[in-house]
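Worksheet for the structure shown next.
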Amino acid sequence: MKLIFERGKEGRQCTLLPQCDVPAAEIEIPKRAKPLRLPHLSETEISRHYTELAGQVHGVNNGFYPLGSCTMKYNPKVNEEAAALAGFARIHPLQPEHTVQGALEVLERTEEMLCEITGMDSVTMQPAAGAHGEFTGLLLIKAYHDSRGDHKRTKIIVPDSAHGTNPASASMVGYEVVSIPSGSDGCVDLEKLRAAVGDDTAGLMLTNPNTVGLFDKNIIEITSVIHEAGGLNYYDGANLNAVMGIVRPGDMGFDVVHLNLHKTFSTPHGGGGPGSGPVGCKAFLKEFLPGRQAVCEDGTFSLRKPEHSIGDVKSFYGNFLVVVRAMAYILMLGKEGIPEAAQNAVLNANYMMEKLKALYPPAYDETCMHEFVITLEQMKRENGVTAMDIAKSLLDYGIHPPTMYFPLIVHEALMIEPTETESRETLDEAIRAFGEIYAKAQEDPEAMHEAPVSTYIRRPDEVQAARKPVLRWSFPEDGEQK
């Protein structure tokens, strides 16, 4: 496919601007040494270019998208209609508060609902994504310890099955990361945890259900160990989709939580965003929250900054229209629909795992939550077919590959999350595809290394792409190689 700069012809355009109806003004500003290089295309060429690009993208509207830990589920179109309302989409963050009462009510009501779902006492909408939420939550923990003069707490405990952003976020805040190994059951090793905590423990970062799709049966004991040592518990909300409306992080003993509105609450996910990673906290941490909170007094909404705020972590109030979408989703499902969505996510995952386990052994053969991990270590050892080969083969069936080689504690791992918005018929089709791929792996393992064979782009040279990536295109007249 040609790049947009390779299409069209100089002088071609598709827009006629009206004549300027005010006097022209000369502004003394630095000017470009050369004219800005923009493509010259007609409207037809532009339309065809982006239509062709769209045909190369796989999303939930194209087919099954079981990307583990990412909850790539269907986004109801009513969410988009709500976010497109002029009273939300055509306002400015610097408008006077009395002119945006509806928007402030959205922030206040969504905070109230998220507090109810998570068991927290207050929520900030400022963080722009999950990892940004992690960073913000850890800043709250640090602010709390610093406010008490407890500066010796320099370590954050992170399980070895955690998302890679967890230790990265802790390091960015200035904490030393202590990794705790998982036990044979895939959950936190309690003895190793007890041995790691001390008076230098600032807190624990944990996902529950964890990254292998299991709910840690010792969760109350885990959070108690941290509290008894004087630390705080941080909940990574990436997997809340499995338990929302059923059990609350705040009731498990967590003090801070981040949520992914672009996962759990059905707002657009992927393709560069926008995302949203609200952070909730218990009442004793509320005074440290970033930004300004929407409050209502005598029927009037206003914004207030917490007394000892850590400061802004993003401009204004976060990605507001993503919050609108999430509010629409929560209101649409209601008190009964929220737990039903979680139950269906768990049901779909267990159905698929049970149907596949005879061919694809689960890393942990027990009831899973919203996702499960299979291991292809034996298949690789016996005939050289890897998790990568299986994932690439799924592309030929119109199925987006699961998460590959994660978590790191499982060798040749594929993490599968079917989500609650997929029908049984779709799951059966996917199971059938997995079965046919398994048969091919047994009959002709060498051919598996060539997959995919029917996609727009075949399998790239992974090593070459990593070591010598081509990241830019040069104009022919510059005499550089494209």
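Please read all numbers here as calculations on a predicted model, not as lab measurements. As a basis for the values below, the full set of heavy atoms in this structure was taken, side chains included, without hydrogen atoms, waters or symmetry mates.
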Donor-acceptor under 3.5 Å ([X] side chain, [Y] main chain):
X    : Y    : answer
N350 : V346 : yes
N233 : G253 : yes
E108 : A294 : no
D255 : K282 : no
D216 : N208 : no
T165 : A131 : no
H132 : G277 : no
E417 : F372 : no
S309 : P306 : no
T110 : V106 : yes

Can you check side-chain contact (heavy atoms from CB on, under 4.5 Å) on V188 and N218, steps first, answer last?
CA-CA 8 Å; V188 173; N218 299 314; over 6 Å; no

Would a 4.5 Å heavy-atom cut-off, applied to side chains only, mark [X] and [Y] as touching?
X    : Y    : value
H370 : N239 : yes
P402 : L394 : yes
Y234 : E134 : yes
Q343 : E420 : no
C281 : L289 : yes
P209 : V243 : yes
I156 : V158 : yes
M415 : T211 : yes

Could you give the distance from [atom1] ([X]) to [atom2] ([Y]), rounded to the nearest 0.5 Å?
X    : Y    : atom1 : atom2 : answer
L114 : R109 : CG    : CZ    : 12.5 Å
N241 : K263 : CG    : NZ    : 10.0 Å
I4   : H40  : CD1   : NE2   : 11.5 Å
F288 : H308 : CZ    : NE2   : 6.5 Å
D121 : C115 : CG    : SG    : 6.5 Å
C187 : I222 : SG    : CD1   : 7.5 Å

Taking atom types as modelled, find out whether [X] and [Y] have a side-chain donor-acceptor pair closer than 3.5 angstrom.
X    : Y    : result
Y235 : H258 : no
E176 : T154 : no
D236 : N166 : yes
Q101 : T300 : no
T136 : Q126 : no
D160 : S182 : yes
T44  : S42  : no
E221 : S224 : no
E422 : N348 : no
T426 : S423 : yes

At their closest point, which heavy atom of [X] faces which heavy atom of [Y], and how far apart are they?
X    : Y    : answer
P407 : S161 : CB-O, 4.4 Å
D312 : G291 : OD1-CA, 3.2 Å
V256 : G137 : CG1-CA, 3.7 Å
G130 : H262 : N-CE1, 3.9 Å
H49  : K2   : CE1-O, 3.7 Å
L41  : I46  : CB-CG1, 3.8 Å

Is there a side-chain contact (heavy atoms from CB on, under 4.5 Å) between V257 and F254 once you walk through the steps?
CA-CA 7 Å; V257 55; F254 289 95; 5.7 Å; no

Using a strict 4.0 Å threshold on nitrogen-to-oxygen distance, state whether [X] and [Y] make a salt bridge.
X    : Y    : value
R304 : E297 : yes
R148 : D146 : no
E43  : R12  : no

Would you say K77 has more than 12 foreign heavy atoms packed within less than 6.0 Å of its NZ?
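Buried by this count: over 12 neighbours within 6.0 Å.
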
Count the heavy atoms of every other residue, nucleotide or ligand shown that sit under 6.0 Å from CE of M1, and state whether that count exceeds 12.
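More than 12 within 6.0 Å, yes.
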
Looking at Y175, does the NZ or CZ of K142 lie under 6.0 angstrom from its six-membered ring centre and within 45 degrees of the ring axis?
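Flagged: K142 positioned over aromatic ring of Y175.
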
Taking it one step at a time, do Q293 and E111 satisfy side-chain contact (heavy atoms from CB on, under 4.5 Å)?
CA-CA 9 Å; Q293 305 298 112; E111 175 185 352; 3.8 Å; yes

How far apart are the C-alpha atoms of E52 and R7, what are their side-chain angles, what is the distance that settles it, and do they pass the salt bridge (Lys or Arg N to Asp or Glu O under 4.0 Å) test?
CA-CA 13 Å; E52 188 176 356; R7 296 175 180 265; 2.9 Å; yes

Which of parallel (below 30°), tilted (30 to 60°) and perpendicular (above 60°) describes W473 and F5?
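The rings of W473 and F5 lie parallel, inter-plane angle below 30°.
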
Which donor-acceptor pairs under 3.5 Å do the side chains of residues 316-332 make with protein atoms, sequence neighbours left out?
residue, atom, partner, partner atom, Å
Y317, OH, P93, O, 3.4
Y317, OH, R292, NH2, 2.9
N319, ND2, G275, O, 2.7
R325, NE, E80, OE1, 3.2
R325, NE, E80, OE2, 3.0
R325, NH1, L321, O, 3.3
R325, NH2, E80, OE1, 3.0
Y329, OH, K73, NZ, 3.1

H400-F64 aromatic ring centre distance below 6.0 Å:
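Ring-ring flag for H400/F64: false, centres at least 6.0 Å apart.
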
Test log, rule side-chain contact (heavy atoms from CB on, under 4.5 Å), inputs I416 and M353:
CA-CA 9 Å; I416 302 169; M353 183 180 72; over 6 Å; no

